Amino acid sequence: MMIVMKEDASKEEIGAVVDRVESVGATAHVSEGDVLTVVGAIGDRERIANLQLDGFPGVDRVVPISKPYKLASAQFKHGERTVVEVDGRRVGGNNFGLIAGPCTVESREQLLSTADAVKDAGASMLRGGAYKPRTSPYSFQGLGGEGLRLLREAKEETGLPIVTELMDPRDLEPVLEVADVIQVGARNMQNYSLLAEIGRSGRPVLLKRGLAAQVEELLMAAEYVLKEGNDQVMLCERGIRTFETATRFTLDIMAVPVLKELSHLPVVVDPSHAAGKRDLVLPLSLAAAAAGADGIIVEVHHDPEAAICDGPQAIPADDFRDYVEQVQRVAGIVGKELSAL
Ligand code: PEP
Ligand code: MN
């Protein structure tokens with residue numbers, strides 16, 4: 001249930017609505033938009049319906065949210081879009097976020113030279129995994145704590161905010177010391193205790209769509225984070241499993257406008273993992289920007305031939321400036337501006 005307050009509703013009136021919602025054991029999520037304040041009441045449906053908030057002081061109207069995901073639904077924000085802001089870089093609305101960097105932190109030289117290149121080309125944030133979800137337990141699993149230390153160094157050197165994956169809630173504390181955005185990988189999209197833990201941390205989240213997850217399942221996963229009071233969530237389409245084997249996965253480009261219709265959360269596209277092949281990364285990125293994506297997360301490596309992980313899909317750092325220019329041009333056509341400092 002969504003309680004839309006009148007434009008001139010006072011703080012006391014909003015507080016009284018919150019108290020009333022909480023009096024039946026429901027949770028009140030207050031969302032203050034530019035014009036309107038909306039109180040989302042989440043909890044037992046019948047009890048909330050019986051609150052009779054229609055006509056309550058300061059209340060304009062009460063609207064049920066029909067979707068199973070409530071806080072993530074477009075209805076909840078009443079047409080307003082969430083903008084995720086990380087250290088002055090914005091993703092969502094008219095802002096296009098470009099997250100770039102290596103798949104995995106492999107060495108100091110690799111990370112710092114790639115970080116410098118993406119910064120110079122105009123990236124918004126730096127990506128790099130310290131804890132890697134590898135299909136084989138015998139593959140390189142990432143540098144762990146040492147990888148986090150290198151990410152911190154790259155952040156100090158370039159000033160770029162860091163996006164890095166958390167796989168195990170036991171690593172939350174050290175990851176929080178470095179990550180400006182916590183990435184939830186495709187394989188963990190439905191790890192609900194991990195999602196709740198990250199939600200409670202309050203840190204912005206990049207939530208990747210599971211390999212075989214439906215759009216609604218992605219939104220329900222986002223709901224687990226939002227429910228903890230953290231609405232700084234970027235949804236990420238990264239390719240899904242289909243019968244097609246010519247590419248690593250199939251980028252579901254339709255998910256971009258579909259997610260944007262269903263949810264107020266920004267949508268980011270990962271063309272690198274979808275394609276698995278470098279040559280496809282630029283055309284998929286242009287398609288994503290044209291489809292209205294709010295950002296891209298893309299793999300870049302200073303020496304892809306030598307990469308330990310995902311080299312074939314990495315854009316060489318030397319080519320990245322050209323890549324950014326082209327993406328920026330298409331984003332501009334759909335009214336978005338690259339958000340970088
Ligand atoms: C990654 O971004 O490095 C990654 C492993 O992605 P995904 O979880 O989408 O496979
Ligand atoms: Mn990768």
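Index from 1, following the sequence. Ligands are counted one by one from 1 in listed order, and the atoms in each one are counted from 1 as well. None of the values given here were measured: they were computed from a predicted structure. The analysis underlying the following values was restricted to heavy atoms, covering all of them including side chains, and did not include hydrogens, waters or symmetry mates.
Of the residues listed (Arg238, Lys208, Arg209), the one engaging Asp270 in a side chain to side chain donor-acceptor pair (under 3.5 Å) is Lys208, and it is the only one. When each of Leu211, Val215, Asp252 is paired with Ile240, the side-chain contact (heavy atoms from CB on, under 4.5 Å) condition holds for Asp252 and for no other. The only member of Pro271, Pro102, Cys103 that meets side-chain contact (heavy atoms from CB on, under 4.5 Å) when paired with Glu299 is Cys103. Considering Val233, Leu259, Leu71, Val91 as possible partners of Leu265, the one that fulfils the side-chain contact (heavy atoms from CB on, under 4.5 Å) test is Val233. None of Asp231, Val184, Asn230, Leu194 except one satisfies the side-chain contact (heavy atoms from CB on, under 4.5 Å) rule with Val225; the exception is Asn230.
Nearest protein neighbour of atom 9 (O) of ligand 1, counting heavy atoms only, is Arg238 NE, 2.6 Å. Looking from atom 4 (C) of ligand 1 to the surrounding protein, the closest heavy atom is His273 NE2, 3.5 Å.
Between atom 5 (C) of ligand 1 and the options Cys103, Pro133, Pro102, the minimum heavy-atom separation is to Pro133. The residue among Arg209, Lys208, Glu237 with a heavy atom at the shortest distance from atom 6 (O) of ligand 1 is Lys208.
Proximity of Ile42 to His29: side-chain heavy atoms (C-beta onward) are separated by under 4.5 Å at one or more points. Considering only heavy atoms from C-beta on, Val4 comes within 4.5 Å of Leu36 through its side chain. Here the side chains of Val38 and Lys77 are not in contact, with every heavy-atom distance at 4.5 Å or above.
Taking the six-membered ring where tryptophan is involved, the planes of Phe76 and His264 are tilted, since the angle between them lies from 30° to 60°.
On a distance-only criterion, Lys132 and ligand 1 share at least one N/O pair closer than 3.5 Å.
Shown in contact with Ala186 at under 4.0 Å from a heavy atom are these atoms of ligand 1, numbered in order with element: 7 (P), 8 (O), 9 (O). Atoms of ligand 1 found under 4.0 Å from any heavy atom of Gly185 (numbered from 1 in listed order, with element): 8 (O). Each of the atoms 3 (O) of ligand 1 lies under 4.0 Å from some heavy atom of Glu299. Within ligand 1, counting atoms from 1 as listed, the ones closer than 4.0 Å to a heavy atom of Arg187 are 7 (P), 8 (O), 10 (O).
The count of protein N, O or S atoms under 2.8 Å from the Mn ion (ligand 2) stands at 4, with waters excluded from the count.
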inquiry  = Could you walk me through whether Asp322 and Gln326 satisfy the side chain to side chain donor-acceptor pair (under 3.5 Å) test, starting with their C-alpha distance in whole Å, then the side-chain angles of each, then the deciding distance to 0.1 Å, before giving a yes or no?
reply    = CA-CA 6 Å; Asp322 183 51; Gln326 299 197 54; 3.2 Å; yes
